[in-house]
K.L.:
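Have a look at this one before I ask anything.
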Amino acid sequence: MAFRGIYRFSNMAVGLRVFGNAAKMRRFSISSALHEPRLFRFPMRWSQTFIPTMKEVPAEAEVPSHQLMLRAGMIRQLMAGAYTWLPLGYRAVRKVSEIVRQEMDRAGAVELFMPALQPIEIFERTGRRDAFGNVLFNFEARRGDRKLHFALGPTHEEVITDLMARHISSYRQMPITLYQIQTKFRNEERPRFGVLRTSEFLMKDAYSFGTSLEQLNTAYDAMYNAYCRIFERCGLKYLPVEAESGPIGGDASHEFMVPASNGEDFVIHCPACSYAANQERAETGRKSILPTPVTNAPAPALVPTPDAGSIEQVSKLLKSSPQAFIKTLIYKADGKPVAVLLRGDHTANEGKIRRAAKATSVELADEATILQVTTAPVGFAGPIGILCPCLIDHDVANISSAIVGANAKDAHLTGVIPGTHFPVTETFDLRNAEAEDPCPRCSDTLRMVHGIEVGHVFKLGTKYSVSMDARYVDAQEVSHPIIMGCYGIGVTRVVASIVETCHDENGIIWPLSVAPCSVMLIPLNVTDPEVMKVSERIYQELTDAGVDVLMDDRDQRPGFKFKDADLIGIPLRITIGGKGLAEGIAEVKWRGSAETMKPAIADTTAFVREQLAGRS
RNA sequence: CGGGCUAUAGCGCAGCCUGGCUAGCGCGCUUGACUGGGGGUCAAGAGGUCAUGGGUUCAAAUCCCGUUAGCCCGACCA
């Protein structure tokens, strides 16, 4: 009862002081407890804590982690996208947080704590009020006769860059990396999968500040390596993958993905050479093969396709598969229209299109532009006779006879031969990579897996330092913008990912490092004085030894307790029952193993400590 | 933000189509007895504004309209 002890202490120490001071004292006590190993444990009697387990699966939970976290009494939903962490679940959150904290500290980052409540103005300075759009929670509040406009921080680049802009003036003050573990707020359009995707979640975010690319790379590598250690220690299988840096800006980033069938992200990887990237970023090893023009080829046939503008509609109408289509998408690259040709079943990749077009921004063209370059409404664009340059994907050149839009309303062309009926002088990689594509780095083929993004590292560069005016002077008194990086880990998402990947049909199987507690002690019959005497002794001995123990002291039948024990998944289970007692033994079993070990009652505490030491 | 589904006891559900007595069932909960090594048995109980506002009707959980909330698919997503 470490925390009960602390509360009692702080209450005594504070006495009847005013509320604010009491609150401050209490907070201080708790945070110092986090760094005091002897206090960081979880001896608990089930009957005195709050672990509301459920036999049945709540209807709203679909994925295993959501179901199990609800059933195991770890979380409860308050509203869509917001969950209460119950004692058991919060314990796991704290275990993960502590691992993150230790590895951040080891990597030389320093912890601070920034406000979740932020003025909207800082998001206007960086242009991210628009970039985030509806995802940014923001609201007005009155103070006297003034009206203030706030945001709830979705991340903290603005706050920390503003802070550093005020305090860094010289190259001598860098490099430095700062981090915090804080609640983040994002107005998710569609929260789902329990705690995997919420509008309020706990995140570790770190920011590096340096004077050179070398310093940035050093900080980046330190964070990258720390992340590997963190996920390793959390017992997660993970994959660092190359990633686009997205709206946050910058030019280099990796995502840390946990392979899981319910993951929302797609990871492309090569089993042979360990190339891995998210689908947005992944290259393909496809080669450009230019088609040779066919002589005497019949002219394409014009077929009417009334009101059928999508590939799906036209393929149904013409009874042909999407692979036979050439999809013609009109983009605007830096404002100038360009047609992008893809095979009908492929998905455009705007990053690749932007690079192929040598543009700084691309976006899908508006209807007016489409009408202008195709002389037809949306849905009937094609390469023949189009009034803008074409960018052609590698796979388009391989289609021997294609269906394309006719650049006329309600009409398509069939029998179109690339290179013959329209020019193909150069082809590009313009689409999302898919399974079975050739690897860009070796001769093997790519695989695709689902993944949960648990961490992300970015080289930001000067995007925020420029817009927030965070500058320093070098040894020659020349002023430069600070070079930044940012590094996030979704702490609560890590917990959910662990549950998502570590369970069986009976419940959770916690890795020891992040388990809410290490040992589950089950006195089978609490009305048997001998069973209770032995159990109490072991409970006390383990607690004194600094082991987190949960004792199921409820007056329930054995089967009931075993089921609950399996469900909440505490790694090591000690059973004290009449049968074992008669033989003078306890039963000790790892949650993930079928083997039951039988140490003598007197040796049980030592035996358990050895078992735990052997696994940590 | 588009499309779909749902809302009845703490959890899972039936009842609704075809309006009609006191709204049921399983689990859980309370009390008692039995029981005691993988969610036990028996008995007696408690617990419901049938999401919400309106309408139709002699009568609405049930039919109609609105609202709210939740879930699923898609779009979006540092």
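What you see is a predicted model; the values in this text were computed from it and never measured. Letters A, B, ... are given to chains in the order of the sequence lines, protein chains preceding strands, and every chain is numbered from 1.
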K.L.:
Please tabulate, one pair per line, all N/O donor-acceptor pairs under 3.5 Å involving side-chain atoms of residues 567-582 of chain A, not counting sequence neighbours.
P.N.:
none

K.L.:
Between A/Lys561 and A/Val57, which is nearer to the 5' end of RNA chain B once each is assigned its nearest nucleotide?
P.N.:
A/Val57
K.L.:
If you take the centroid of each ring, where Trp contributes its six-membered ring, are A/Phe458 and A/His456 closer together than 6.0 Å?
P.N.:
yes
K.L.:
Measuring from the side chain of A/Asn525 (C-beta onward, heavy atoms only), which nucleotide among B/G39, B/G36, B/G12 has the closest atom?
P.N.:
B/G36
K.L.:
Out of B/C76, B/G12, B/G36, which has the shortest distance to the side chain of A/Arg557?
P.N.:
B/G36
K.L.:
If we ignore angles and hydrogens, is there a donor and acceptor under 3.5 Å between the side chains of A/Thr198 and A/Glu200?
P.N.:
no
K.L.:
Could you list the protein-to-nucleotides 26-28 of chain B atom pairs, N/O on both sides, closer than 3.5 Å?
P.N.:
| from | atom 1 | to | atom 2 | distance (Å) |
| --- | --- | --- | --- | --- |
| B/G26 | N2 | A/Glu56 | OE2 | 2.6 |

K.L.:
Let's test your reading of the model: under 3.5 Å, does the base of B/G38 pair with the side chain of A/Asn506 as donor and acceptor?
P.N.:
no
K.L.:
Quick one: closest heavy-atom pair of A/Ile311 and A/Gly344, and the distance?
P.N.:
CD1-CA, 4.0 Å
K.L.:
Just name whichever nucleotide pairs with B/A7, Watson-Crick or G-U, keeping both distances under 3.5 Å, else none.
P.N.:
B/U68
K.L.:
Measure the distance from CD on A/Gln556 to C1' on B/U30 and round it to the nearest whole Å.
P.N.:
14 Å
K.L.:
Using a 4.0 Å heavy-atom cut-off across all strands, classify A/Asp528 as base, sugar-phosphate, or nothing.
P.N.:
nothing
K.L.:
Across all strands, who's sitting opposite B/C1 as a Watson-Crick or G-U wobble pair, both distances under 3.5 Å?
P.N.:
B/G74
K.L.:
Want to settle it: does A/Val526 or A/Pro58 sit nearer the 5' end of RNA chain B, counting the closest nucleotide to each?
P.N.:
A/Pro58
K.L.:
Using both distances under 3.5 Å as the test, list the Watson-Crick or G-U wobble partner of B/C29, or none.
P.N.:
B/G45
K.L.:
I'd like to check A/Leu178 versus A/Phe209 (side-chain heavy atoms, cut-off strictly below 4.5 Å). Are they in contact?
P.N.:
yes
K.L.:
Has A/Gln77 got a side-chain N or O lying under 4.0 Å from the OP1 or OP2 atom of B/C71?
P.N.:
yes
K.L.:
Under 4.0 Å between any heavy atoms, over every strand shown, what does A/Met203 touch: base, sugar-phosphate, or nothing? Just pick one.
P.N.:
base
K.L.:
Of all residues at least two apart in sequence or in a different chain, which pass the salt bridge (Lys or Arg N to Asp or Glu O under 4.0 Å) check with A/Glu158?
P.N.:
A/Arg128
K.L.:
Counting only distance, no hydrogens or angles, is the base of B/G70 paired donor-acceptor with the side chain of A/Arg190 under 3.5 Å?
P.N.:
no
K.L.:
When the C1' atoms of B/C25 and B/U8 are considered, how many whole Å apart are they?
P.N.:
12 Å
K.L.:
Should the side chain of A/Asp564 and the base of B/G39 be counted as holding a donor-acceptor pair, with the cut-off at 3.5 Å?
P.N.:
yes
K.L.:
Measuring from the side chain of A/Glu189 (C-beta onward, heavy atoms only), which nucleotide among B/C76, B/G39, B/G36 has the closest atom?
P.N.:
B/C76
K.L.:
Quick one: A/Ile568 CD1 to B/G38 C1', roughly how many Å, whole number?
P.N.:
15 Å
K.L.:
Considering only the P atoms, how many Å lie between B/C72 and B/U57, rounded to the nearest integer?
P.N.:
40 Å
K.L.:
At 4.0 Å (heavy atoms only), tell me whether A/Arg76 reaches a base, stays on the sugar-phosphate, or touches nothing.
P.N.:
nothing
K.L.:
Under 6.0 Å between ring centres, would you say that holds for A/Tyr224 and A/Tyr487?
P.N.:
no
K.L.:
Taking the side chain of A/Pro558 as heavy atoms from C-beta outward, which of B/G37, B/G38, B/C72 is closest to it?
P.N.:
B/G37
K.L.:
What nucleotide, of B/C11, B/C13, B/G38, holds the atom closest to the side chain of A/Asp566?
P.N.:
B/G38
K.L.:
Report the distance from atom CE of A/Met54 to atom C1' of B/C29, rounded to the nearest whole Å.
P.N.:
15 Å
